[in-house]
S.K.: 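Pasting a structure below so you can have a look.
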Amino acid sequence: MTGSRNLVRPVELVVVVVVVVVEILLYRRLQQGDGTFHYFTHFFAGASFALVLMTLAARRWRRPVRLPLLAVLAGHLFAMAPDILYLEPIAHTRWMDVFVAHNTSHFLPGRNISWYVVFLAAMTLYLATAPSGRRQDPRYGPGPRTASASTA
Amino acid sequence: MLGCLDTDRHGRHRPADRATPAPLETAGVRMHRSRSWSPVPRWVRVRVAVGVTTAVVLGAALTVSMSDPDPLDDPDLAMQRAGILDVVGPRSPAVALAGTAPARGRVAVVFFLRPAQAGPLVGALDGPAGQELRDLVDIGIVVSSGAVGVTPSDPATTVVADPDGRLATAYRMRRPRDGGPPVGYAVVDVDGTVRYRTEDPEVAIGLDEVLTIVDAVR
């Protein structure tokens, strides 16, 4: 069927598999250290951070972010970078809050449930506001190619 | 295939003969032709499906992770194994366990354990990480009851019983979820100030992490 064949590109499928595998490995690694609480905190915080940046990028360039799951994974890894350093071993210090509030993010009232809500809000923001990819979508005006064609 | 796109899936412009037909104007509502007509564009439906699926999957995973807590965990997991000094509880002077321990001028680690966890810790202190820890710091073991049966191989290790919880309170250790005596440790700096405290039910297999905190205090 034509529609289902083009719904997901092969590269997107590979990215989905890679992201899911990496996330499972991270979860299992933190689960061994009894750190699933930390996993979810930094996942939601990092993913929310990435989604906000993705929203800004999508509006700036008037198209959805390519490979959004990869951006979400990057946000997660950035947020949990101090935990990777912790294995080296380097204890956390206050300056590590530059990694999406790595230390203070744990103390958000409501803890991980609140971060889940923040993540849902960030995801909704991106999905609701990112352009559809249609260059001539009337909401976003003509795309660059259309504009150059009209001036020519 | 999205029936309303006039760029291909790589974002390239389509030739005119393959581009989307012009939108229809019906009763003041702009619509596009598509193979399966719906008042909601397909990209909107796809995004709603992605959003709902993600919310359900992650919500379920979060719920499962919170559904079976360890009774020895801190009721607030943010306070457990924070990995940073001076965050969980204020700095406070360390109370002497017995005699002069913990001694001024030396970093000390004071373990707070129940009898069931004391045996594995004593065994772990004879392992590589435990020996490194013993070389670096003074070690105290506070057992909630039955301290007589706790006999570390290193005679320099101080072992005391704390049946009434006085020492645990003095070190401002947090209570586990089950409300019983704490299972974790406190790290005391060279000035005799408690800089780190945490619940850690699996401390016997996690002495590497204790070493990380000790390095930060030193």
Side-chain angles (χ1 to χ4, degrees), chain A residues 1-7 9 27 31 33-41 43-44 47 63-64 66 68 82-83 86-94 96 102-108 111-113 115-116 119-120 123-124 126-128 130-138 143 145-146 149, chain B residues 1-13 19-20 23 30 32 35-36 41-44 46-48 50-51 54-55 58-59 61-66 69-70 73-74 76-87 196 200-202 205-206 208-209 211-217:
Chain A
M1 192 171 140
T2 307
S4 59
R5 188 177 69 226
N6 291 325
L7 192 61
R9 291 181 286 157
Y27 182 83
Q31 193 180 31
D34 201 21
T36 54
F37 172 81
H38 296 262
Y39 171 87
F40 280 107
T41 303
F43 175 81
F44 289 137
R63 68 162 189 246
R66 287 176 184 153
D83 284 342
Y86 200 67
L87 299 174
E88 283 309 315
I90 299 171
H92 296 349
T93 51
R94 293 190 185 278
M96 291 181 182
H102 183 88
N103 296 313
T104 54
S105 61
H106 289 303
F107 300 99
L108 181 71
R111 305 302 191 237
N112 281 351
I113 293 175
W115 275 117
Y116 176 62
F119 168 77
L120 291 184
M123 182 175 64
T124 303
Y126 175 72
L127 292 176
S132 66
R134 295 161 54 196
R135 296 293 176 102
Q136 292 181 336
D137 190 317
R145 289 177 187 279
T146 308
Chain B
M1 187 69 198
L2 297 176
C4 53
L5 292 179
D6 48 9
T7 55
D8 67 9
R9 57 200 173 98
H10 301 293
R12 293 186 292 259
H13 187 67
T20 306
R30 288 172 68 86
H32 293 271
R35 286 177 185 160
S36 57
R42 183 167 182 176
W43 66 270
V44 173
V46 169
R47 289 188 184 189
V48 169
V50 167
T54 305
L58 289 176
L62 180 62
T63 303
V64 169
S65 76
M66 296 166 61
D70 188 330
D73 276 342
D74 195 304
D76 183 356
L77 288 173
M79 302 293 186
Q80 182 166 317
R81 297 172 61 201
I84 181 170
L85 305 179
D86 304 321
V87 164
Y196 187 80
D200 190 351
E202 298 180 349
I205 59 173
D208 288 338
E209 185 170 311
L211 281 167
T212 302
I213 301 300
V214 166
D215 282 343
V217 170

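By convention in this document, chain letters (A, B, ...) are assigned in the order of the sequence lines, proteins followed by strands, and residues within each chain are numbered from 1.
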S.K.: Can you say whether B:Asp76 sits under 4.5 Å from chain A via the side chain, the backbone, both, or neither, judging by heavy atoms?
M.R.: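 Side chain only.
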
S.K.: Using non-hydrogen atoms and a 4.5 Å limit, figure out which bit of A:Leu108 sits close to chain B: side chain, backbone, both or neither.
M.R.: neither

S.K.: Nearest 0.5 angstrom please: A:Tyr116 OH to B:Thr63 OG1, how far?
M.R.: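 Answer rounded to 0.5 Å: 7.5 Å.
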
S.K.: Which region of A:Asn103, side chain (C-beta onward) or backbone (N, CA, C, O), has a non-hydrogen atom less than 4.5 Å from a non-hydrogen atom of chain B, or is it both or neither?
M.R.: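 Contact with chain B: side chain only.
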
S.K.: Can you measure from CG (B:Leu77) to OG1 (A:Thr41) and round to the nearest 0.5 angstrom?
M.R.: 9.0 Å

S.K.: Below 30° counts as parallel, above 60° as perpendicular, anything between as tilted: where do the rings of A:His102 and A:His106 land?
M.R.: perpendicular

S.K.: What is the distance from atom CE of B:Met79 to atom CZ of A:Phe37, rounded to the nearest 0.5 Å?
M.R.: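 Those atoms lie 9.5 Å apart.
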
S.K.: Checking heavy atoms, do the side chain of B:Ile205, its backbone, both or neither come under 4.5 Å from chain A?
M.R.: neither

S.K.: Given heavy-atom pairs under 4.5 angstrom as the criterion, report whether the side chain, backbone, both or neither of A:Phe119 touches chain B.
M.R.: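 For A:Phe119, the contact with chain B is made by the side chain alone.
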
S.K.: Among B:Thr54, B:Leu85, B:Val48, B:Asp215, which residue has the highest count of heavy-atom pairs closer than 4.5 Å to chain A?
M.R.: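 Looking at each of B:Thr54, B:Leu85, B:Val48, B:Asp215 in turn, B:Thr54 comes out on top.
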
S.K.: Check side chain to side chain donor-acceptor pair (under 3.5 Å) between B:Asp73 and all other residues, then give those that pass, not counting sequence neighbours.
M.R.: B:Gln80

S.K.: At what distance, to the nearest 0.5 angstrom, does CG of B:Leu62 lie from CG of B:Leu58?
M.R.: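 Nearest 0.5 Å value for the CG-CG distance: 8.5 Å.
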
S.K.: Pick one of side chain, backbone, both or neither for A:Leu120, based on which atoms fall under 4.5 Å of a heavy atom in chain B.
M.R.: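 Interface part for A:Leu120: side chain.
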
